[in-house]
**Student:** 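The structure that follows is given in the form of structure tokens.
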Protein chains: 2
Amino acid sequence: MERSTRQRQAIRDVLSEQNRPLSPQEVLDAAQGKVPGLGIATVYRTLKGLVDEGAAVAVELPGNPPRYEVAGKKHHHHFHCTVCGKVFELEGCPGDFLFMVPEGFQPQGHEIVLYGRCKDCRA
Amino acid sequence: MERSTRQRQAIRDVLSEQNRPLSPQEVLDAAQGKVPGLGIATVYRTLKGLVDEGAAVAVELPGNPPRYEVAGKKHHHHFHCTVCGKVFELEGCPGDFLFMVPEGFQPQGHEIVLYGRCKDCRA
DNA sequence: ACAAAAGTGATAATGAGTTATCATTATAAA
DNA sequence: TTTATAATGATAACTCATTATCACTTTTGT
């Protein structure tokens, strides 16, 4: 990640613009609108580089390979559309899970995923 | 899944006894204590059969292949130990996530995973 | 006890996702 | 501009979990 290229800029832009976790394939599809001919290998390479330099983070959801979003966002969770498969960012958090933690266990973090139909896929 | 074999009984017993989601490898390790020589293929075949007949369910957690637990439990979530990797069942649920759902989205379900150290791995 | 057929275990094959390779292209310092 | 070299794109290779194959074993109805 030393040189500035059209490909890397396109990939960074796509992550910023969509503002939701994107799969490598989603990044490819969107970034090809900016840089025709962009290859999937460059997407994987660049995403890894962005994560290494702290500009992006991997988002793991149940049953899916990692998606990637811009780093540095405040604490948030995700909505996974069961129809189109897109993942959206959610604000807010119930916050208190201590009542669920068994005696002797030491909680350090949590993840919440809501499932359902997104705005575009609602019944 | 038509005949009753030592292998199948051992696998069912392991799922019941441990009362937490187990990976196929964890099932194998535990069930080999009951049936030495048990093979991983039989574990995969039997888990699939148990799911098909509704006796077990797959539990998907972020970044991991499916684990399996006994079916029919009431609504619950899981604690994933960051040290030993074991997954434990939790009781309770905050329940109200509607305040997190954006306008126009239709929520249908949710998952919560707590991370931290389990009783055996606490600092 | 016997026979038909389902089940098992070892392991080869598969599939999805990701990474490595390498000839070519593009960047950027001089 | 020139030049050194990092980056790219096509695709081969790889990883890991899971499934298929098949010779042999076990179960179960008769």
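For the numbers below, each heavy atom of this structure counts, side chains included, while hydrogens, waters and symmetry mates do not. All chains are named by letter (A, B, ...) in the order of the sequence lines, taking the proteins before the strands, and each is independently numbered beginning at 1.
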**Student:** Do P62(B) and H80(B) have side chains that get closer than 4.5 Å, going by heavy atoms?
**Tutor:** no
**Student:** Rounding to a whole Å, what distance do you find between N64(A):CG and dA17(D):C1'?
**Tutor:** 16 Å
**Student:** I need the CD-P distance between Q32(B) and dG9(C), as an integer number of Å.
**Tutor:** 9 Å
**Student:** So if I take the C1' atoms of five pairs at each end of the helix from dA1(C)-dT30(D) to dA30(C)-dT1(D) and get each local axis, what angle do the two axes make, rounded to 10 degrees?
**Tutor:** 40°
**Student:** Report yes if some heavy atom in the side chain of T82(B) is under 4.5 Å from a heavy atom in the side chain of Q108(A); otherwise report no.
**Tutor:** yes
**Student:** What is the distance, to the nearest angstrom, from the CG atom on D52(B) to the P atom on dG7(C)?
**Tutor:**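 Atom-to-atom, D52(B) to dG7(C), this comes out as 13 Å.
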**Student:** Students often get this wrong, so: under 4.0 angstrom with heavy atoms, is P36(B) touching a base, only sugar-phosphate, or nothing?
**Tutor:** nothing
**Student:** Is any side-chain heavy atom of L98(A) closer than 4.5 Å to a side-chain heavy atom of P107(A)?
**Tutor:**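 In contact.
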**Student:** Atom pairs, N/O to N/O, protein against nucleotides 13-15 of chain D, distance under 3.5 Å?
**Tutor:**
none

**Student:** Counting only side-chain nitrogens and oxygens, does R8(B) get under 4.0 Å of the OP1 or OP2 atom of dA6(C)?
**Tutor:** no
**Student:** Measure the distance from CD1 on I11(B) to C1' on dT8(C) and round it to the nearest whole Å.
**Tutor:** 11 Å
**Student:** Is any side-chain heavy atom of I11(A) closer than 4.5 Å to one of L47(A)?
**Tutor:**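 A side-chain contact under 4.5 Å exists here.
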**Student:** Under the side chain to side chain donor-acceptor pair (under 3.5 Å) rule, what pairs show up with a residue in residues 57-71 of chain A, not counting sequence neighbours?
**Tutor:**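 Listed once each, the pairs are E69(A)-H76(A), E69(A)-H78(A).
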**Student:** Can you pull every protein N or O that's under 3.5 Å from an N or O on nucleotides 19-25 of chain D?
**Tutor:**
none

**Student:** Could you work out, with side-chain contact (heavy atoms from CB on, under 4.5 Å) as the rule, every residue matching R122(A), not counting sequence neighbours?
**Tutor:** K119(A), Q106(B)
**Student:** Linking Ile, Leu, Val, Met, Phe, Trp and Tyr by side-chain heavy atoms under 4.5 Å, what else ends up with M100(B)?
**Tutor:**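 Result for M100(B) is F79(A), F88(A), L90(A), F97(A), F99(A), M100(A), V101(A), F105(A), I112(A), L114(A), F79(B), F88(B), L90(B), F97(B), F99(B), V101(B), F105(B), I112(B), L114(B).
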**Student:** Once you round it to whole Å, what is the distance between C1' of dT28(D) and CD of Q9(B)?
**Tutor:** 17 Å
**Student:** What residues form a side-chain contact (heavy atoms from CB on, under 4.5 Å) with A56(A), not counting sequence neighbours?
**Tutor:**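 Counting only residues at least two positions away or on another chain, A56(A) forms a side-chain contact (heavy atoms from CB on, under 4.5 Å) with L15(A), L50(A), V51(A).
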**Student:** For R12(B) and dG7(C), what is the distance between atoms CZ and P respectively, to the nearest whole Å?
**Tutor:**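 To the nearest whole Å, that distance equals 13 Å.
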**Student:** Rounded to whole angstroms, how far apart are CD on Q25(A) and P on dG15(C)?
**Tutor:** 19 Å
**Student:** Sequence neighbours left out, what passes salt bridge (charged side-chain N to carboxylate O under 4.0 Å, His left out) with E89(B)? Give chain and number order.
**Tutor:**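 K73(B).
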**Student:** I'd like to know if R8(B) and E53(B) make a salt bridge, using a cut-off of under 4.0 Å between side-chain N and carboxylate O.
**Tutor:** no
**Student:** Rounded to the nearest 0.5 Å, what separates atom SG in C93(B) from atom NE2 in H75(B)?
**Tutor:** 3.5 Å
**Student:** Listed by chain and number, what are the salt bridge (charged side-chain N to carboxylate O under 4.0 Å, His left out) partners of E17(A), not counting sequence neighbours?
**Tutor:** K34(A)
**Student:** Atom CZ of R67(A) and atom C1' of dT18(C): how far apart are they, to the nearest Å?
**Tutor:**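 Checked: the CZ to C1' distance equals 16 Å.
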**Student:** Once side-chain contact (heavy atoms from CB on, under 4.5 Å) is applied, do any residues pair with Y44(A), and if so which ones, sequence neighbours excluded?
**Tutor:**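 Here the qualifying residues are P24(A), I40(A).
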**Student:** Other than V113(B), which residues form its hydrophobic cluster under the rule that side-chain heavy atoms must be closer than 4.5 Å?
**Tutor:** V59(B), L61(B), V87(B), Y115(B)
**Student:** I need a per-nucleotide contact map over nucleotides 23-30 of chain C, read 5' to 3'. Cutoff is protein heavy atoms under 4.0 Å; write B for the base, S for backbone only, - otherwise.
**Tutor:** ---BBS--
